[in-house]
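Data first, discussion second: the structure below is written as structure tokens.
Keep in mind that the numbers below use all heavy atoms, side chains included, and drop hydrogens, waters and symmetry copies.
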Amino acid sequence: MLADDTLAAARPAEWAARCVALYHRLEADALVAEVNQGGEMVAAVIAEADAGVPVVKVRATRGKFLRASPVALLYEQGRVKHVGAFTELEDEMCAFGPDGLSNGASPDRLDALVWAVTQLALGEKKQPRLRRL
């Protein structure tokens, strides 16, 4: 975990600009976006902000708890580390169970983390990317 740039109640142009800025700041390979609720809108809004940013579209087919289980195992094995403190995310991680968060809210940060770790550690294995100096 390198960053938590969560926005609350942002308009599409705002969250897309934040996503693109984070993509460039971290020199990421792609943005991972769940498209269940927003469909193609998510990728389209990101493309409006920067058409050169690749978007990996993921679709939830299982509940959040089942999706999180393989990632929780990676944590138990010590294969996932956080760089810095992520108080809100860690609070969600501690309060999350089979019925969701103990306060009934949506675990947005945790869900984003699960998608990211799944893509990086459990997704399709690719060859390392070489950068020219």
Side-chain angles (χ1 to χ4, degrees):
M1 178 77 179
L2 298 173
D4 180 354
D5 274 14
T6 302
L7 283 175
R11 293 188 307 261
E14 290 176 284
W15 59 252
R18 177 76 68 95
C19 289
V20 167
L22 183 62
Y23 166 85
H24 288 296
R25 189 174 85 224
L26 297 178
E27 298 180 8
D29 292 331
L31 293 175
V32 178
E34 182 179 324
V35 296
N36 287 51
Q37 298 297 325
E40 296 300 315
M41 183 272 298
V42 174
V45 172
I46 292 169
E48 282 183 32
D50 185 336
V53 173
V55 177
V56 175
K57 299 175 199 170
V58 293
R59 187 171 303 280
T61 59
R62 301 181 297 164
K64 292 178 192 291
F65 188 78
L66 287 176
R67 269 198 321 271
S69 294
V71 173
L73 179 61
L74 294 175
Y75 273 91
E76 288 175 17
Q77 295 170 342
R79 295 174 56 196
V80 179
K81 306 282 187 211
H82 295 192
V83 178
F86 298 94
T87 307
E88 295 92 347
L89 169 63
E90 292 164 3
D91 287 348
E92 283 189 9
M93 294 171 81
C94 291
F96 187 68
D99 296 324
L101 289 179
S102 57
N103 66 5
S106 178
D108 296 332
R109 287 178 169 86
L110 176 58
D111 204 26
L113 171 80
V114 167
W115 281 120
V117 172
T118 298
Q119 186 67 29
L120 290 169
L122 303 171
E124 179 184 329
K125 303 296 183 219
K126 296 181 181 179
Q127 294 297 319
R129 182 176 71 157
L130 300 177
R131 295 184 186 172
R132 294 177 189 246
L133 297 177

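- Applying the side chain to side chain contact (heavy atoms under 4.5 Å, CB included) test to Gln77 and every residue at least two apart in sequence or in another chain returns Leu73, Leu74, Arg79.
- In plain terms, the two heavy atoms of Asn36 and Ala60 that are nearest each other are OD1-N, 2.7 Å.
- Take Ala13 and apply the side chain to side chain contact (heavy atoms under 4.5 Å, CB included) test, not counting sequence neighbours, and it matches no residue.
- Annotation for Trp115 and Glu34: closest pair NE1-OE1, 2.7 Å, computed over non-hydrogen atoms.
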### Task
Check the pair Glu92, Leu113 against side chain to side chain contact (heavy atoms under 4.5 Å, CB included), reporting the backbone distance first and the verdict last.
CA-CA 11 Å; Glu92 283 189 9; Leu113 171 80; over 6 Å; no
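- Residues passing the side chain to side chain contact (heavy atoms under 4.5 Å, CB included) test with Ala17, sequence neighbours excluded: none.
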Pairs of donor and acceptor atoms involving the side chains of residues 94-106, under 3.5 Å and at least two apart or interchain, shall be tabulated with distances.
unit_1	atom_1	unit_2	atom_2	d
Asn103	OD1	Ala105	N	2.9
Ser106	OG	Asp108	OD1	2.8

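- The two residues Val56 and Ala30 have their closest heavy-atom pair at CG2-CB, 3.8 Å.
- A 4.5 Å side-chain heavy-atom check between Met93 and Arg109 finds every atom pair outside the cut-off.
- When all heavy atoms of Val45 and Pro12 are compared, the closest pair comes out as CG1-O, 3.4 Å.
- Asp50 pairs by the salt bridge (charged side-chain N to carboxylate O under 4.0 Å, His left out) definition with nothing, not counting sequence neighbours.
- Separation of atoms CG (Asp4) and CG (Leu22) is listed at 9.5 Å; rounding is to 0.5 Å.
- Remark: Leu66 engages Arg62 in a side chain to side chain contact (heavy atoms under 4.5 Å, CB included) (not counting sequence neighbours).
- A 4.5 Å side-chain heavy-atom check between Asp111 and Arg67 finds at least one atom pair inside the cut-off.
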Can you give me every donor-acceptor pair (side chain of residues 83-90, partner residue at least two apart or in another chain, under 3.5 Å) with its distance?
unit_1	atom_1	unit_2	atom_2	d
Glu90	OE2	His82	ND1	3.3

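- Remark: Trp15 pairs with no residue by the side-chain hydrogen bond (donor to acceptor under 3.5 Å, both in side chains) rule, at least two apart or across chains.
- By the salt bridge (charged side-chain N to carboxylate O under 4.0 Å, His left out) test, Arg18 is found to be paired with no residue, residues two or more places apart in sequence or in another chain being considered.
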